[in-house]
Amino acid sequence: MTSRFEQHEAIPIPACNLGHTTTPRYKWNKDGFDYLQCPTCGLIWVSPQLTDRAVAQIYASSFKSKQQAHERPTNFLAYRSRLRRLAPFRQYSRLLDVGCFTGNFLLAAQADGWRDVEGTEVSTPAVEFARSAYGLNIHEGDLGSLDLPLDAYDVVTLSDVIEHVSDPLSTMQRAYQLLRPGGVLYMDTPHVISLPYFALKQQWSVFFPWHRTLFTARSMRTALTQAGFHIDHLSTVGLLPFSTFNAWQAYMAESSIQHTSAIAQTSFVRQHRNRLRPLAGSETCQ
């Protein structure tokens with residue numbers, strides 16, 4: 001591993017998280033990390049992989065710049081598509097947003113009529129900010145380690161989250177346990193079989209060390225099915241191959257650059273990556 005990561009713990013991940021035992025294909029090395037792909041399902045992962053503790057340290061060190069790029073929005077434009085997709089389930093109203101950061105989506109959901117919203121977040125500064133600034137109900141910690149009620153939530157969302165976790169299959173299985181019968185899981189994550197992937201390969205900005213697992217549509221379907229879900233809808237969105245926001249650069253520049261992106265700019269960047277957006281039910285959706 002290169003010297004700039006000597007202070008971060010990382011462990012080898014030799015096999016596919018979805019249980020496939022075929023020898024993975026080597027794709028490339030970037031920033032001192034190998035990228036491997038499962039020939040069976042197409043899942044791509046980083047090895048060696050940063051540990052949860054290392055990722056938490058990175059999140060804490062980059063909180064200020066990320067928080068400035070996610071200032072409290074006034075019109076919630078960035079969340080319009082997600083809220084529209086989830087609107088049929090609003091009547092049940094208990095929503096859990098995993099990896100909520102400072103809670104902007106929870107604020108948007110409240111403004112859209114959701115009565116009971118909660119979040120989870122591993123970044124201590126983000127949790128403290130969300131609680132003190134907005135009075136939100138945020139659980140600090142990884143989804144798998146939190147003592148949350150089972151069969152209790154109508155909607156669980158993970159937006160720009162599943163690619164960060166160390167064990168995505170277990171995370172989906174935990175989400176399944178938390179959902180009531182008929183509840184739904186919504187996710188939004190980069191799609192690696194896409195124009196940016198083929199045009200830019202390892203230079204695509206989604207490839208950085210704490211994006212630990214990246215999905216194809218096939219591997220996403222496999223993971224959701226293994227976790228117990230039936231898939232109501234799996235869409236791919238976005239065409240443009242360029243992203244002006246690179247989280248790796250933001251992290252490396254944290255000590256010297258203040259990032260002041262407006263919410264509209266942040267929304268534009270997110271909308272113009274190629275994305276996978278599955279909506280999966282724990283049982284037949286009510």
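You'll find the side chain of Leu146 stays beyond 4.5 Å of the side chain of Arg174, heavy atoms only. Between Asn17 and Asp167 there is a side-chain heavy-atom pair separated by less than 4.5 Å. For the pair Leu224/Met187, a side-chain contact is recorded, criterion being any heavy-atom separation below 4.5 Å from C-beta on. Using a 4.5 Å heavy-atom threshold, the side chains of Leu43 and His20 count as separate. Asn137 has its side chain out of reach of Leu106: every pair of non-hydrogen atoms, C-beta onward, lies at least 4.5 Å apart. Taking the side chain as every heavy atom from C-beta outward, Val55 and His164 never approach each other to under 4.5 Å. Within the 4.5 Å cutoff, no side-chain heavy atoms of Asp97 are placed close to those of Val117. Counting only heavy atoms from C-beta outward, the side chains of Phe215 and Pro168 approach each other to under 4.5 Å.
When all heavy atoms of Leu234 and Ala217 are compared, the closest pair comes out as CD2-O, 3.8 Å. Smallest separation of non-hydrogen atoms from His191 and Trp204: O-CH2, 3.3 Å.
The line from OG1 of Thr120 to CG of Leu158 is 7.5 Å long, rounded to the nearest 0.5 Å. Note that CZ of Arg115 and CG of Leu95 are 12.0 Å apart. Values are rounded to the nearest 0.5 Å. To the nearest 0.5 Å, the span separating CG on Leu178 from CZ on Arg94 amounts to 9.5 Å. Taking CD1 of Ile44 as the start and SG of Cys16 as the end, the distance is 11.5 Å to the nearest 0.5 Å. The distance from the CG atom of Leu36 to the OG atom of Ser47 is 5.5 Å, given to the nearest 0.5 Å. Distance check, rounded to the nearest 0.5 Å: OG1 of Thr171 to CG of Leu185 gives 10.5 Å.
Remark: side-chain polar atoms of Arg221 are not paired, donor with acceptor, to backbone N or O of Ile231 under 3.5 angstrom. Formation of a donor-acceptor pair under 3.5 Å by the Glu121 side chain with backbone atoms of Phe101 is found in this model. For the pair Asp31 (side chain) and Phe208 (backbone), a donor-acceptor distance under 3.5 Å is absent.
By the 4.0 Å N-to-carboxylate-O rule, Asp188 lies too far from Arg82 to be salt-bridged with it.
Applying the salt bridge (Lys or Arg N to Asp or Glu O under 4.0 Å) test to pairs two or more places apart or on separate chains, those with a residue in residues 193-215 are Asp52-Arg212. Listed by first and then second residue, the side chain to side chain donor-acceptor pair (under 3.5 Å) pairs involving residues 32-45 are Thr22-Thr40, Lys27-Gln37, Asn29-Asp34 (not counting sequence neighbours). Residue pairs meeting the salt bridge (Lys or Arg N to Asp or Glu O under 4.0 Å) criterion with at least one member in residues 125-152: none, sequence neighbours excluded.
The aromatic rings of Phe207 and Trp28 stand perpendicular to each other, their planes meeting at an angle above 60°, with 30° marking the opposite boundary.
Using a 3.5 Å distance cut-off with no hydrogens or angles, the side chains of Ser93 and Asp116 do not pair a donor with an acceptor.
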